Amino acid sequence: DPGTIQSPLKGIATPKDRTREGAPPPFLETEELEILYRFSINHHLTWRFYVNTGLRRAEGLQVRKRDIRNGYVHVLSLTDAETKTGQWRQVKIPAALDWVIQALMDRSNTEYLLPQMSKVSLTRAFRTCAKRALEFHPGEFPPGATLHWLRHTYITHLIDAGVPTKTVQVLAGHTRLSTTERYAWVRKTAQDRVGILNGRRHKGVRLIRRVAEHDALITSAFILVSA
């Protein structure tokens, strides 16, 4: 009908609402991360670090260069900058992230790994990059993405790679296993979900050993993410 006005958005896929109540924690697919990086000229190294370590915003800002050693980032709980659980943990650094770590160290002229800014400024910087990515790639990049989605992405990719939930709980620094299990529901079949939840069998001291045993899975899960 020549009198009908066509919507300029016709043909563009409507993005899923990843923030709706009851939905799994929102995360970014590998292709979406690549779009984000392209529109984050000054910050892509920081985003790559966060998405490949799963650190919380404040935890990342407090990482010192000396906390990166032996293939791990040691996340400390300090009197002036406590972790959320009040405990320390170590997170495996994927081999594919080595160049990012080196670039961050070379650029930093302080004892800290990441550029020093306030938590609010870091959040604002991510929002600006995500907004630009959405403007240039509507339908390919999700609306509403926040810095914390990078942590969700880390956890989701580990779960998707088959790393047991108890191991992921330790890496993510979750106090309760039930928090980690929320990510298990990104799986599409009941059989997959049962396999993921079976990770509950890893208990006690053996849990720490399991982290080392799953280093290969952790690394393989993020080769594309950090490339």
Side-chain angles (χ1 to χ4, degrees), residues 5-61 91 93-94 96-97 99-101 103-104 107 113-115 117-161 163 168 171-172 179-180 182-188 192 218-227:
I5 299 176
Q6 297 291 337
S7 169
L9 298 180
K10 184 178 181 181
I12 297 178
T14 302
K16 296 178 181 178
D17 181 5
R18 304 184 193 182
T19 60
R20 71 184 187 281
E21 186 176 356
F27 66 98
L28 295 173
E29 300 284 1
T30 301
E31 297 79 8
E32 294 166 343
L33 284 169
E34 292 171 351
I35 293 174
L36 175 67
Y37 297 155
R38 289 204 299 271
F39 292 92
S40 307
I41 297 176
N42 296 323
H43 300 286
H44 73 97
L45 292 173
T46 299
W47 308 153
R48 291 174 194 269
F49 176 77
Y50 271 106
V51 81
N52 282 281
T53 58
L55 300 192
R56 300 178 178 91
R57 178 179 60 174
E59 291 173 345
L61 288 173
V91 178
I93 299 174
L97 195 66
W99 72 272
V100 173
I101 298 296
L104 286 169
R107 293 187 180 190
L113 179 69
L114 299 180
M117 60 178 72
S118 69
K119 291 184 289 186
V120 172
S121 295
L122 186 64
T123 297
R124 187 181 300 121
F126 183 90
R127 188 182 300 122
T128 298
C129 295
K131 180 180 179 181
R132 191 178 300 123
L134 178 61
E135 288 175 351
F136 283 86
H137 292 272
E140 297 180 68
F141 192 84
T146 68
L147 178 63
H148 202 64
W149 282 31
L150 299 183
R151 175 171 165 81
H152 293 327
T153 301
Y154 170 81
I155 298 170
T156 300
H157 276 257
L158 289 184
I159 292 290
D160 197 48
V163 179
V168 178
L171 292 169
T179 302
T180 312
R182 291 175 56 210
Y183 297 83
W185 302 104
V186 299
R187 288 290 196 174
K188 306 237 190 291
D192 286 334
I218 294 167
T219 300
S220 65
F222 289 95
I223 289 176
L224 290 177
V225 174
S226 62

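Not measured: the values here are computed from a predicted model.
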Working to the nearest 0.5 Å, report the span between [atom1] of [X] and [atom2] of [Y].
{"X": "Thr53", "Y": "Tyr154", "atom1": "OG1", "atom2": "OH", "result": "7.0 Å"}
{"X": "Thr146", "Y": "Arg57", "atom1": "OG1", "atom2": "CZ", "result": "10.0 Å"}
{"X": "Phe49", "Y": "Ile93", "atom1": "CZ", "atom2": "CD1", "result": "6.5 Å"}
{"X": "Leu171", "Y": "Leu55", "atom1": "CG", "atom2": "CG", "result": "10.5 Å"}
{"X": "Leu113", "Y": "Leu45", "atom1": "CG", "atom2": "CG", "result": "9.5 Å"}
{"X": "Glu32", "Y": "Leu134", "atom1": "CD", "atom2": "CG", "result": "10.5 Å"}

| task | Compare all side-chain heavy atoms of Trp149 with those of Leu36 and state whether any distance is below 4.5 angstrom. | result | no
| query | Can you tell if the side chain of Thr30 reaches within under 4.5 Å of the side chain of His157, non-hydrogen atoms only? | reply | yes
| said: Among residues at least two apart in sequence or on other chains, which ones pass ring pair (Phe, Tyr, Trp, His ring centres under 6.0 Å) with His43? | reply: Trp47
Without placing hydrogens or testing angles, list every side-chain donor-acceptor pair under 3.5 Å for residues 125-132, not counting sequence neighbours.
{"unit_1": "Thr128", "atom_1": "OG1", "unit_2": "Arg124", "atom_2": "O", "d": "3.0"}
{"unit_1": "Arg132", "atom_1": "NH1", "unit_2": "Phe39", "atom_2": "O", "d": "3.0"}

Which heavy atom of [X] sits nearest a heavy atom of [Y], and at what distance?
{"X": "Leu158", "Y": "Val168", "value": "CB-CG2, 3.9 Å"}
{"X": "Thr46", "Y": "Pro115", "value": "OG1-CD, 3.8 Å"}
{"X": "His152", "Y": "Pro26", "value": "CB-O, 2.9 Å"}
{"X": "Gly54", "Y": "Arg151", "value": "O-NH1, 2.6 Å"}

| query | Looking only at atom types and distance, does a side-chain atom of Asn52 sit under 3.5 Å from a main-chain N or O of Arg48, one as donor and one as acceptor? | reply | yes
| field | Intermediate values then yes/no, side-chain contact (heavy atoms from CB on, under 4.5 Å), Arg38 and His137 | value | CA-CA 11 Å; Arg38 289 204 299 271; His137 292 272; 3.4 Å; yes
| said: Before you tell me yes or no, could you show the steps for Tyr50 and Leu122 under side-chain contact (heavy atoms from CB on, under 4.5 Å), namely the whole-Å CA-CA distance, both residues' side-chain angles and the distance that decides it to 0.1 Å? | reply: CA-CA 12 Å; Tyr50 271 106; Leu122 186 64; 3.4 Å; yes
